[in-house]
Asks: 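Have a look at this one before I ask anything.
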Amino acid sequence: MLDMAGSAPAIGPETVPVIEADGPVLVFGGCYSNLQATRALLEAARAHGIPPERMICTGDVVAYGADPQACAALIRDHGIATVMGNCEEQLGAGAADCGCGFTEGSSCDRLAAAWFAYAVARIDDATRRWMAALPRRIDLVIGGRRLAVVHGAPSRINRFLFASDPDLVLEREIGITGCDGVIAGHCGIGFTRRIGDLVWHNAGAIGMPANDGTPRCWYSIVTPTDAGLEIVLHPLDYDHHAAAAAMRSAGLPEEYAGTLESGIWPNLDILPHAERAATATRLECAPAADATVALEGLETLWFNTGTLCNLACEGCYIESSPRNDRLAWLRLDGFRRVLDEAADRHPELREIGLTGGEPFMNPDIEALIGMALDRGYRVLVLTNAMTPMRHHMAAIAGWRGRDLHLRVSLDHHTEAGHAALRGERAWGPALEGIGALFASGFQPSIAARFDPAVEDEAATRAGFARLFAAQGWEIDAFDPEHLVLFPEMDVPAAAAGVSASAWAALRPRGADAMCRTSRMVVQRKGAEALSIVACTLLPYEARFDLGATLEVASRAVTLDHPHCARFCVFGASSCMSAR
C-alpha cells in the first residue's frame, strides 16, 4: 500500500488519452489469453464495485494462453481502456514475433514462438485493427496526481523494469512522462517503489503467476484518499487447472501450462538476481527463511595456497595481489593433516583443488601437487599461466600422464577485455604460458569472466573459439568443461541470499550450491591452525568459517550471502570450480 499526495504537473502530450477518476480505479495487465483469469478479473471488479469505465489494462491481452480471441473480445466489448503492449503492437502490425525483448535463442524466446504462432492463427482482422489502434500511454488523473500508464516503460514498450532496479533508472523513466509517476506492466511481478515524491508501480499480471510458488495472479486498485492516493496489489484466484487444461488441449507449451499450476516460471532468464532469489516466496508474506544446505558428500576439497599473486586484478573476489598475504602460504604439514583426515572421514573425496592468489608462487607447490597425486586424487590447479607457473615447467612436464589438470584464467577473448581486468602486460605472458602447457603435453582448460548484460554466452564462446583456432589450441570453446564461464559478482542489486522456498523449488530443476559437495581450507595470517570455510568465494566471512577440522566443517551452511545467490544458485554458470 502507498499513500501519495501533492500537486499535479503539466498535462503533457495532447495525444495521450486522459482518464480523470474520483473513485477507485482497477489497473491490471497480462491477460495472456487466459480466459478463466480474465473472467475472474471482471467478477472481482464487480465485487469491488468498480465499473469497466474505471478499469485500465496495461497491455498484453494476448499471449501464452489458449483463448486469444475470446480474451481480446472480453476486454474490447467491456470498453476497458487498454494500453498497447508489445504483443498488441506486433500482432496488430503483422510482425513475425511477439517483440517481448527476450534474448534471441533463449528458452523464453523459443517458447514465445510457439504461442505467438498459435495466436496469429486465431485472432480475427477486427481484433488486429483494435490492437493496432491502441494508445501507447494513458494518463490517469486521480487524487491530485497524474500517473502515466504504459506497458513496459515510457522509453521502450518492451523494457523490463523490476523492484530491484536502481532509483535513478526509474526516476529517469518517470521524467520522460512529465507525470508524478508511472503504472506499468510487462515484467509480470507487481511492486511499488517510492522515489522522493515520485512513484513507480507495476500492477502485475492476471494471466500468469508471479513466480511466487502459488497459482494466484495479481491486479491493483488505485484509490483517491484525503492524503492523496492509496495503491494496493490484490491477488486473483481463478480456475487455473481449467486454464492449464485448455493450454494442453490446444497443444501449447507444457512449460507455461505447468506454470499456471506450480506458480513458478519455467525459466528465470529475464529476472534480476534479487527477483530470482524471491522465487517461490509468497508475495504478501514476510521474507522467507534463508535456505540451509547440508554437505551431501565431499567431492572436491579446495586448498587456498595463499593470497599473494603476481597480479592485482580488477574485481578479484579474494583481493589477491603482490602485497595481500591475509591468507598465508599453505604448508605441507597442514596439507598432509587435512588429507589424512579426509582419507578417514570422506572416502568419497575424488578431487583436490588448489587456488590462490597464484598457487605457483607457494614455495611448497610442487610438494603439494605431488602429495595429492600420490594419494590418488584428481588435482586441479587454477593459475594465470604467467612467470610463476613457468618456473615450474620441468615439474609440470614430469607429471604428464598423471591426473593433473590446470585451468588458466583468461578473462576475455580479446586483449583489451583481458587487460581491463588484469592489466596491460598480462595478455602476452598468459598466451605464452598456455602455449608452454600445450608444448609440455598438457591441454589446459580456460576460465573466463562473463557478464551477459554486456555480451551473451553464445557470442562469448564464439569469440574464444576464434582465439583458440588462431593460437592452434585444441580447446573446445563450446564445451563448458573446457571453457568455464563465471558470472560477474560485483554488480548492483544482487540478492541478499537465497530463501528456503526458492532453494526447495529450484533444486529439482538443477540449481546448485558449491557448499553441497565441497569445502575450502585456508591458512589465516598469524593463526596457528588451519580453517575450513564453506566455499572458495567466502574466505574472509567469519560466519562461513566452519572450524579447524573436516568433522566440524561438515555441518550445514546457510545461503545468506549475496554470492550464494549471484554466483551459485542463480549464477550464469557452474560454481563448482570457482576462482
Side-chain angles (χ1 to χ4, degrees), residues 30 32-34 60 63-65 86-87 97-118 152 158-164 185-189 202 204-205 207-215 217 240 243-244 247-248 252-281 283 291 450-453 455-461 480 485 487 491 493-495 498-499 501-513 564-575:
Y32 297 151
S33 306
N34 186 330
D60 281 1
Y64 313 101
N86 57 274
C87 293
D97 59 54
C98 67
C100 288
F102 302 139
T103 300
E104 185 176 355
S106 68
S107 180
C108 284
D109 186 52
R110 174 180 58 81
L111 294 172
W115 70 252
F116 188 78
Y118 177 88
N158 67 350
R159 183 172 188 181
F160 291 106
L161 290 172
F162 293 90
S164 64
H186 190 53
C187 80
I189 301 177
N202 191 294
M208 276 280 166
N211 197 42
D212 72 340
T214 78
C217 299
H240 57 277
M247 291 181 69
R248 293 180 178 115
L252 287 161
E254 170 59 29
E255 291 92 332
Y256 285 132
T259 292
L260 296 186
E261 297 171 328
S262 71
I264 301 172
W265 293 358
N267 57 72
L268 311 179
D269 292 354
I270 67 168
L271 291 179
H273 286 273
E275 280 73 19
R276 292 186 187 190
T279 295
T281 303
L283 288 187
F450 172 53
D451 186 352
E455 182 179 60
D456 65 36
E457 181 174 350
T460 299
R461 292 191 178 279
L485 298 180
V491 295
V498 180
S499 70
S501 55
W503 177 250
L506 297 178
R507 178 73 188 107
R509 299 187 179 192
D512 211 345
C564 304
R566 178 69 187 174
F567 199 83
C568 283
V569 179
F570 304 108
S573 64
S574 168
C575 64

Asks: Could you tell me which residues satisfy ring-ring contact (aromatic ring centres under 6.0 Å, His included) with Phe116, sequence neighbours excluded, listed by chain and number?
Replies: none
Asks: Apply side-chain contact (heavy atoms from CB on, under 4.5 Å) to Ala205 and list each qualifying residue two or more places apart in sequence or on a separate chain.
Replies: Tyr32
Asks: Passes side-chain contact (heavy atoms from CB on, under 4.5 Å), Tyr64 versus Leu260? Steps please.
Replies: CA-CA 11 Å; Tyr64 313 101; Leu260 296 186; over 6 Å; no
Asks: For Ser262, check side-chain hydrogen bond (donor to acceptor under 3.5 Å, both in side chains) against everything at least two apart and list the hits.
Replies: none
Asks: I'd like to check Thr279 versus Ile264 (side-chain heavy atoms, cut-off strictly below 4.5 Å). Are they in contact?
Replies: yes
Asks: Does some side-chain heavy atom of Leu268 sit less than 4.5 Å from a side-chain heavy atom of Asn211?
Replies: yes
Asks: Can you tell if the side chain of Trp265 reaches within under 4.5 Å of the side chain of Leu271, non-hydrogen atoms only?
Replies: yes
Asks: Not counting sequence neighbours, which residues clear side-chain contact (heavy atoms from CB on, under 4.5 Å) with Ala459? List them please.
Replies: Glu455, Asp456
Asks: Which residues satisfy the side-chain contact (heavy atoms from CB on, under 4.5 Å) test with Thr214, sequence neighbours excluded?
Replies: Asp212, Arg216, Arg282
Asks: Report the residue from Trp115, Tyr256, Tyr118 that forms a side chain to side chain contact (heavy atoms under 4.5 Å, CB included) with Met247.
Replies: Tyr256
Asks: Can you list everything that forms a side-chain contact (heavy atoms from CB on, under 4.5 Å) with Pro215? Sequence neighbours excluded, please.
Replies: His240
Asks: Go through the structure and list residues passing side-chain hydrogen bond (donor to acceptor under 3.5 Å, both in side chains) with Asp269, not counting sequence neighbours.
Replies: none
Asks: Excluding sequence neighbours, so at least two apart, what forms ring-ring contact (aromatic ring centres under 6.0 Å, His included) with Phe160?
Replies: His186
Asks: Return the set of residues passing side-chain hydrogen bond (donor to acceptor under 3.5 Å, both in side chains) with Arg248 (not counting sequence neighbours), or none when no residue passes.
Replies: Glu254, Glu261
